[in-house]
Amino acid sequence: MTDVTLTVNGKERSASVPPETTLLEMLRSKLNLTGAKLGCDVGDCGACTVLVAGKSVNACLMLAVQANGRDVLTIEGLATAEAFHPLQKTFEELASLQCGFCGPGIILSAKTLLDENPDPTVQEIKDALAGNLCRCTGYTKILEGVVDAARIMNGKQDAA
Amino acid sequence: MRAFDYIAPDSTESVVAALAAHSPNARLLGGGTDLIVDLKHTSNTPKVLVDVSQVEDFHGIEMTDRGLRIGSMVTHTEIMKSEIIQKELPAMVDAAHTVGAVQTRNLGTLGGNLVTCVPSMDSGPTLLALDALVTIAGPKGSRQITLEEFFVGPRKTCLEPDEVLVDIIIPKENVGKPTHFLKFGLRKGQALALVNAAASFHVGDGNIFSAPRIALGAVAPVVMRATKAEDFLAGKEITEANMAEAGEIAVTEIKPITDFRASKEYRRELVAVFTRRCLAGAYALHQSRA
């Protein structure tokens with residue numbers, strides 16, 4: 001067993017896990033954070049996307065021990081007690097998601113995009129979301145949700 | 001995944017010592033984007049996983065006396081964001097950008113892409129076209145060989161079980177050499193290459209091809225140089241006709257197979273076109289800098 005300590009969504013969390021435990025298994029089974037989903041389990045679908053040290057990764061391809069000592073952000077840590085993140089707000093208003101399984105990963109991938117590139121083109125959004133598959137929507141409302149969230153975050157539109 | 005032990009040494013020497021102690025039952029873990037998938041689907045699990053991401057020697061992108069040194073654990077994202085690579089070798093940025101998606105590029109490493117040694121690797125053609133060297137550390141110390149010698153066969157490099165890839169070096173004279181990379185996949189995102197290609201050359205006096213290099217992926221057991229096409233170009237005037245002729249010659253050098261992604265005939269067509277376009281792209285880069 002290996003002791004793994006992470007700062008998850010701002011709080012220090014520890015667990016003792018076998019070395020072959022993925023970060024996704026530790027988040028879901030040990031820390032009861034089930035926002036990140038187990039989809040393909042081979043790094044194609046992006047449903048398990050979380051941010052480690054600010055960078056998006058497939059949590060199914062990373063061992064928990066590799067993230068030891070680092071900051072992890074999951075979808076559970078994105079909203080504050082006061083408000084949703086603008087992406088969560090626009091995705092809800094536009095019904096950007098249907099079944100929602102891909103949502104946590106898509107929203108976190110979009111968040112890292114907007115953190116680095118506050119005013120992306122549609123092509124840049126597509127590129128940033130290439131590692132997140134959605135089998136319900138056809139992506140149109142997802143792209144619109146990211147565009148609208150960028151507008152809100154840039155102060156171009158009221159967060160109505 | 002089946003059980004294994006995990007260690008994360010922090011120096012090249014301790015990685016080599018760990019391999020000496022545990023090989024052939026040890027595997028090196030870099031970014032893990034290939035290895036972790038393998039471990040989930042194989043019964044041939046190593047006893048020990050040696051995580052090399054903590055070794056400082058395996059990180060960093062910097063100019064040295066010998067050329068541009070890129071640590072084996074540098075991620076594809078780090079290559080895309082490197083100012084010196086953006087300025088001097090934008091073809092490397094383009095190649096890194098075609099690897100997987102953001103999440104895999106954040107984890108996956110240049111060294112891992114080379115060591116995995118699949119014929120369609122996206123890092124291979126550009127580096128071959130730049131005469132890249134690799135540094136390998138082992139129990140007898142370190143040695144340096146060309147990347148061409150490093151590739152042995154599909155999923156096979158010349159690394160011994162007790163050796164590790166330390167860094168990749170682009171020789172000084174090729175840092176800034178006009179180079180262009182192209183990849184053809186079935187989709188714009190997360191696709192493996194049906195064919196990928198890179199070409200580089202210096203523009204010699206009298207507007208001639210100097211030190212031309214053409215490298216092709218997914219059309220032979222390993223990423224390969226099209227040396228007959230290179231020999232044809234060397235010393236010739238830079239014209240569209242010569243670029244197209246080089247493409248036709250390159251087609252005679254490849255050994256493509258038919259698989260579920262594409263037929264060998266289709267791959268031949270792609271090689272003719274991509275060789276020409278890569279040469280034209282490298283020339284366009286040269287002209288844009290002049």
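Just so it is clear, the model here is predicted, and its values are computed rather than measured.
- The minimum heavy-atom distance linking E20(A) with M1(B) is given by the pair O-CE, 3.2 Å.
- In this structure, chain B has no heavy atom under 4.5 Å from any part of T21(A).
- When heavy atoms are compared at a cutoff of 4.5 Å, L39(B) does not approach chain A at all.
- In this structure, the portion of T77(B) lying under 4.5 Å from any heavy atom of chain A is its side chain and not its backbone.
- The heavy-atom pair separating P19(A) from F4(B) by the smallest distance is CG-O, 3.3 Å.
- When the candidates T33(B), V102(B), N106(B), L107(B) are compared by the number of heavy-atom contacts under 4.5 Å with chain A, N106(B) comes out ahead.
- In this structure, Q86(B) places its CD atom where more than 12 heavy-atom neighbours from other residues, nucleotides or ligands lie under 6.0 Å away.
- Taking non-hydrogen atoms and a 4.5 Å limit, the residue list of residues 181-195 of chain B in contact with chain A, ordered by number, reads G189(B), Q190(B).
- Against chain B, the residues from residues 54-71 of chain A that qualify, each with a non-hydrogen atom under 4.5 angstrom away, are K55(A), S56(A), V57(A), N58(A), C60(A), L61(A), M62(A), L63(A), V65(A), Q66(A) in number order.
- In this structure, the portion of L29(B) lying under 4.5 Å from any heavy atom of chain A is its side chain and not its backbone.
- Using modelled atom types, no side-chain atom of K40(B) and backbone atom of V42(A) make a donor-acceptor pair closer than 3.5 Å.
- Between atom OG1 of residue T2(A) and atom CD1 of residue I7(B) there is a gap of 12.0 Å, rounded to the nearest 0.5 Å.
- Applying the 6.0 Å contact sphere to CD of E12(A) captures no more than 12 heavy atoms from other residues, nucleotides or ligands.
- A pairwise comparison of heavy atoms in A130(A) and A101(B) identifies C-CB, 3.9 Å as the closest pair.
- Test L108(A), T112(A), V50(A), T49(A) against Q103(B) for side-chain contact (heavy atoms from CB on, under 4.5 Å) and you get one pass: T49(A).
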